[in-house]
Amino acid sequence: MTASLLSQLSQIVGQAFKTVGLDTSYGMVVPSQRRELGQFQCNGALAAAKQAKRNPREIATEVLTELEKTGLFSELTLAGPGFINIRLMDDFLVGHISDLAEDSYFGCRSRHMPMKVILDYGGPNVAKAMHVGHLRATIIGESLRRLREFMGDTAISDVHFGDWGLPMGLLIREIERRQPDLPYFDAGFSGPYPDNSPVTVEELQEIYPAASARSKDDPAFLESARKATFELQKGRAGYLALWQHMRDVSIAETRTDFDLLGAHFTEWKGEADTNDHIPQMMDRLAKEGYSEVSEGAVVINVAEESDKKEMPPLILEKSDGAVMYGTTDLATIEMRREEHDPNAILYIVDARQSLHFEQVFRAARKCNSIGSDCRLEHIGFGTVNGKDGKPLKTRDGGVVRLRSLIEDAIGEARKVIAETGMSERFDTAELDDISTKVGIAAIKYADLSNQRMSNYVFDLERFTKFEGRTGPYQMYAAVRIKSMLRKAAEQNLTEGRLLATHDAERNLMLAIAALPEAITAAAEKNAPNILCDHVYNLSQEFNSFYHECPVLGEANLDIRASRLCLCGITLRQMEKVLYILGIDVPDRM
RNA sequence: GGCCCCGUAGCUCAGCUGGAUAGAGCAAUUGACUUCUAAUCAAUAGGUCGCACGUUCGAGUCGUGCCGGGGUCGCCA
């Protein structure tokens, strides 16, 4: 496996520092901020000077002398207070890219210790249509899952269905209020219950808001819903049967959304799956003295002496006997430990739930629900806002459904595609396919390219402009390569040994070589926007290359074969990174 | 009020462990299509990095304090 270009260079420069009596860590090399001065730079002489109390330029000069001996660099200069600017010999660069071409992971796995990671994202709820709030969780979560797989980790993704709290009681009572004759509410009914759901998912989506509203101005109704929730959790047969129906139709509905967004889950578990585990967990926590009764509820005190902020206890059992999502979250951690023994559990959930997760994580540590070697991390994200800067709403103030968001994007894409005159070239089926891919890519790239924690403005017109920093721009670059390679194949042209004959080629190679650092940084910070930056640079360098360097029409056969090879590796990397971002590239557009 | 997140070009946003002249995209201006897809490329212009102190040879980046926006703070998820 090939080490990344930067790590190789850092090692070489580090060795030079060592030779002149300084620590190798000063040899860290980064891409140059000023391309006209070099391809890479090392600022270590400044830091070393501080430490050794010496003149930085003096140190840099000594290092330069060592580096010149290697014969790997075509240009080495000392600039400013002690910056070392570096340009590589073409052979070195070309050799490195040739090595990468042999590695389907472009050197990204070379220093990574594979681990087992559980990603918890998506988080749809029974009866509620998926809405804007689920967009980021799904897009970011899926991207992080693909990133993990790319790095060689075992990635387990769990949709963690919201199917066990008070909303279930509200639904049961509201349905009973409307259809009291259904057998589910008759405690004496001995079954069997009907095979078909008494409610459709569309009905549920109307019933839930109605029930929720009713609970707010009818305390008796709320009370009865609490009781129903409790009874459901205790296993009342009729309620369970009705719940199962509601859950089934809701899951079926969410699958459509997840399919559209390309989200893949290895597990379709939910809060309810913890129900059998909860009693023994509660027993243990009580017996070992972790939980206590406070104001009629069973809680775990998670405040610590050193806390500057207020830290409310985690409530495991409400005074009415029902459990809460903190309870199921804690139980889920224990069950995941037993089933998977993961190295990390990542929760891709709205940043507003950070307090909740801090409570749960503290409780899990305190109660030894999970080993200290397992990372627990809340990967929060900001809200999706409208043009007014406030969370996105429909015109009449309602919740924006995820489906309509996606459909709007595809519609917008279709419109722009029609304007380009593409309808002349492709048939309806292909146009549909391209519109879908473009629309989804527009949404995803716009979402992922923002820093996770920031809120962003959802502006379809801007996302689908197809100019500049958008998903479609990247797709377009990839499609151009595909088209060229197709033509090359038709003409029986073949790839050949890589050469560097033009700066546009060198710059493209440098962009390709930068992937490992982008992958590492993206994984460390759980930040897909770093990959968006990378693929954007790659597309830009390719487009420059495309304009300046003819490929198929190149007269020199060695250069032509080399350029074909470079196009091939560019496309392979582009498609891989776009795949991690969840973006599919059509063959033509 | 406590705590968390955000504040960078007219707009939308990047900025890695503190380094040279703070970067992209959109919008504006100018050039490049008989040419491998112009959904592209090349160039110009645009800035008191919210404010003030502090640490440092050096701060958008680190520390403290303010200001502005958003979020959150015990039986919803």
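Only a predicted model underlies this, so the values are computations on that prediction, with no experimental measurement involved. Each chain gets a letter, A, B and so on, in the order its sequence line appears, and its residues count up from 1.
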### Summary
Note on RNA chain B: ranges paired as stems (three or more Watson-Crick/G-U pairs in a row, both atom distances under 3.5 Å) are B:1-7 with B:67-73, B:10-13 with B:23-26, B:28-32 with B:40-44, B:50-54 with B:62-66
### Task
May I ask you to evaluate whether A:Gln451 reaches the phosphate of B:G15, defined as a side-chain N or O under 4.0 Å from OP1 or OP2?
yes
### Message
Whether A:Lys50 contacts B:G19 is assessed here as follows: a side-chain N or O lying under 4.0 Å from the phosphate OP1 or OP2. Is that the case?
### Response
no
### Message
Between C1' on B:A24 and CD1 on A:Ile530, what's the gap in Å once rounded to a whole number?
### Response
16 Å
### Message
Can you see whether A:Phe542 has A:Arg480 sitting over its ring - NZ or CZ less than 6.0 Å from the centre and within 45° of the normal?
### Response
no
### Message
Considering every strand and a 4.0 Å limit on heavy-atom distances, what is the contact class for A:Ala79: base, sugar-phosphate, or nothing?
### Response
base
### Query
How far does the C1' atom of B:U30 sit from the matching atom of B:G7, given to the nearest Å?
34 Å
### Task
Tell me which nucleotide among B:U40, B:C5, B:C13 gets nearest to the side chain of A:Met453.
B:C5
### Message
What's A:Gly165 touching, base or sugar-phosphate or nothing? Going by heavy atoms closer than 4.0 Å.
### Response
sugar-phosphate
### Query
Given atom CZ of A:Arg469 and atom C1' of B:A27, what is their separation to the nearest angstrom?
17 Å
### Query
Does A:Asn455 place a side-chain N or O at less than 4.0 Å from the phosphate oxygens OP1/OP2 of B:G70?
no
## Note on the structure
A:Gln474 atom CD is separated from B:U40 atom C1', nearest whole Å, by 13 Å
#### Entry: Spacing between A:Asp459 atom CG and B:G25 atom P, to the nearest angstrom
18 Å
### Task
Quick one: label A:Met324 by what it contacts on the DNA or RNA (base, sugar-phosphate, nothing), any heavy atom closer than 4.0 Å.
sugar-phosphate
### Message
By the 4.0 Å heavy-atom rule, please label A:Cys549 as base, sugar-phosphate, or nothing.
### Response
base
#### Entry: Near-ring test A:Phe361/A:Tyr347, centroid separation under 6.0 angstrom
yes
### Query
Looking at the side chain of A:Gln540, which of B:G25, B:A77, B:G18 is the nearest nucleotide?
B:G25
### Message
Taking any heavy-atom pair under 4.0 Å as a contact, classify A:Val479: base, sugar-phosphate, or nothing.
### Response
base
### Spacing between A:Glu548 atom CD and B:U40 atom P, to the nearest angstrom
17 Å
### Query
Are any of the side-chain heavy atoms of A:Asp120 and A:Ile348 separated by less than 4.5 Å?
no
### Query
Do any side-chain nitrogens or oxygens of A:Lys487 fall under 4.0 Å of OP1 or OP2 in B:U37?
yes
### Message
Of the listed nucleotides (B:C75, B:C41, B:A20), which one gets closest to any side-chain atom of A:Phe83?
### Response
B:A20
### Query
CG of A:Leu376 to CZ of A:Arg362: how many Å apart, nearest 0.5 Å?
13.0 Å
### Query
RNA chain B: A:Lys525 or A:Thr420, which has the more 5' nearest nucleotide?
A:Lys525
#### Entry: Rounded P spacing from B:G2 to B:C41 in Å
49 Å
### Query
How would you label the contact of A:Pro472 with the nucleic acid (heavy atoms, under 4.0 Å): base, sugar-phosphate, or nothing?
nothing
### Message
Taking any heavy-atom pair under 4.0 Å as a contact, classify A:Leu37: base, sugar-phosphate, or nothing.
### Response
base
### Closest nucleotide among B:C6, B:G74, B:G25 to the A:Tyr536 side chain
B:G25
### Query
For atom P, what is the distance between B:U29 and B:G71, given to the nearest Å?
39 Å
### Query
So, is the end of the A:Arg469 side chain (NZ or CZ) under 6.0 Å from the ring centre of A:Tyr536 and within 45° of the ring's axis?
yes
### Query
If you check the A:Val299 side chain, which of B:U40, B:G74, B:G19 turns out closest?
B:G74
### Query
Within 45 degrees of the axis of the six-membered ring of A:Phe161 and under 6.0 Å from its centre: does A:Arg247 put its NZ or CZ there?
yes
### Query
Taking the six-membered ring for Trp, are A:Tyr456 and A:Phe463 parallel (under 30°), tilted (30 to 60°) or perpendicular (over 60°)?
tilted
### Task
Take atom P in B:A22 and the same atom in B:G47, then report the distance between them in whole Å.
12 Å
### Query
If you look at every strand shown and take non-hydrogen atoms under 4.0 Å, does A:Glu517 touch a base, only sugar-phosphate, or nothing?
nothing
### Message
Need one value for A:Ser454: base, sugar-phosphate or nothing, where a base atom within 4.0 Å counts as base even if backbone is also close, heavy atoms only.
### Response
sugar-phosphate
### Message
Check this one for me: any side-chain N or O of A:Ser483 less than 4.0 Å away from OP1 or OP2 of B:U37?
### Response
yes
#### Entry: Working for side-chain contact (heavy atoms from CB on, under 4.5 Å), residues A:Ile278 and A:Met282
CA-CA 6 Å; A:Ile278 285 176; A:Met282 298 296 288; 3.8 Å; yes
### Query
A:Arg480 side chain N/O closer than 4.0 Å to the phosphate oxygens (OP1, OP2) of B:A38?
yes
### Message
Suppose you measure atom P in B:A9 against the same atom in B:U48; what distance do you get, rounded to whole Å?
### Response
9 Å
### Task
Would you classify A:Tyr546 as touching base, sugar-phosphate or nothing, given that sugar-phosphate means primed atoms plus P, OP1 and OP2, and contacts are heavy atoms under 4.0 Å?
base
#### Entry: Nucleotide nearest A:Asn85 (side chain, heavy atoms from C-beta), chosen from B:A20, B:C75, B:C13
B:A20
### Message
Of the options B:A14, B:G25, B:C36, whose atoms approach the side-chain atoms of A:Val551 most closely?
### Response
B:C36
### Distance below 4.0 Å between A:Tyr473 side-chain N/O and B:C41 OP1 or OP2
yes
### Message
Check this for me: A:Glu461, atom CD, are more than 12 non-hydrogen atoms of other residues, nucleotides or ligands nearer than 6.0 Å?
### Response
no
### Query
Got A:Leu552 and A:Arg560 here, is their nearest side-chain heavy-atom distance under 4.5 Å?
no
### Query
B:G18 and B:C26: how far apart are their C1' atoms, nearest whole angstrom?
31 Å
### Task
Go through B:C5, B:A14, B:C76 for me and flag the one nearest to the A:Pro167 side chain.
B:C76
### Query
What interatomic distance, in whole Å, is found between P of B:G46 and the corresponding atom of B:G23?
14 Å
### Message
Heavy atoms from C-beta onward define the side chain here; which of B:A77, B:A14, B:C75 lies closest to that of A:Tyr325?
### Response
B:A77
### Task
Would you mind classifying the nucleic acid contact of A:Asn529 as base, sugar-phosphate or nothing, using non-hydrogen atoms under 4.0 angstrom?
sugar-phosphate
### Task
Nearest whole angstrom, please: distance from the C1' of B:G71 to the CG of A:Leu355.
12 Å
### Query
Touch check for A:Lys390, heavy atoms < 4.0 angstrom, all strands: base, sugar-phosphate only, or nothing?
nothing
### Task
Please work out if A:Ala351 contacts a base, only the sugar-phosphate, or nothing of the nucleic acid, heavy-atom cut-off 4.0 Å.
nothing
### Message
So A:Ser294, base contact, sugar-phosphate only, or nothing? Heavy-atom distance under 4.0 Å.
### Response
base
### Message
Is it the case that B:A20 (base atoms only) and A:Gln41 (side chain only) share a donor and an acceptor within less than 3.5 Å, ignoring hydrogens and angles?
### Response
yes
#### Entry: Nearest-angstrom distance from the residue atom NZ of A:Lys216 to P of B:A77
13 Å
### Message
Between A:Glu505 and A:Thr501, is there a side-chain donor-acceptor contact under 3.5 Å, judged purely by atom types and distance?
### Response
yes
### Query
In terms of base orientation, is B:C33 syn or anti, with the syn window spanning 90° either side of 0?
syn
### Message
Here's a test of your reading of the structure: between A:Val30 and A:Arg226, which maps to the more 5' nucleotide of RNA chain B?
### Response
A:Val30
### Message
Expressed as a whole number of angstroms, how long is the span from A:Asn43:CG to B:C57:C1'?
### Response
15 Å
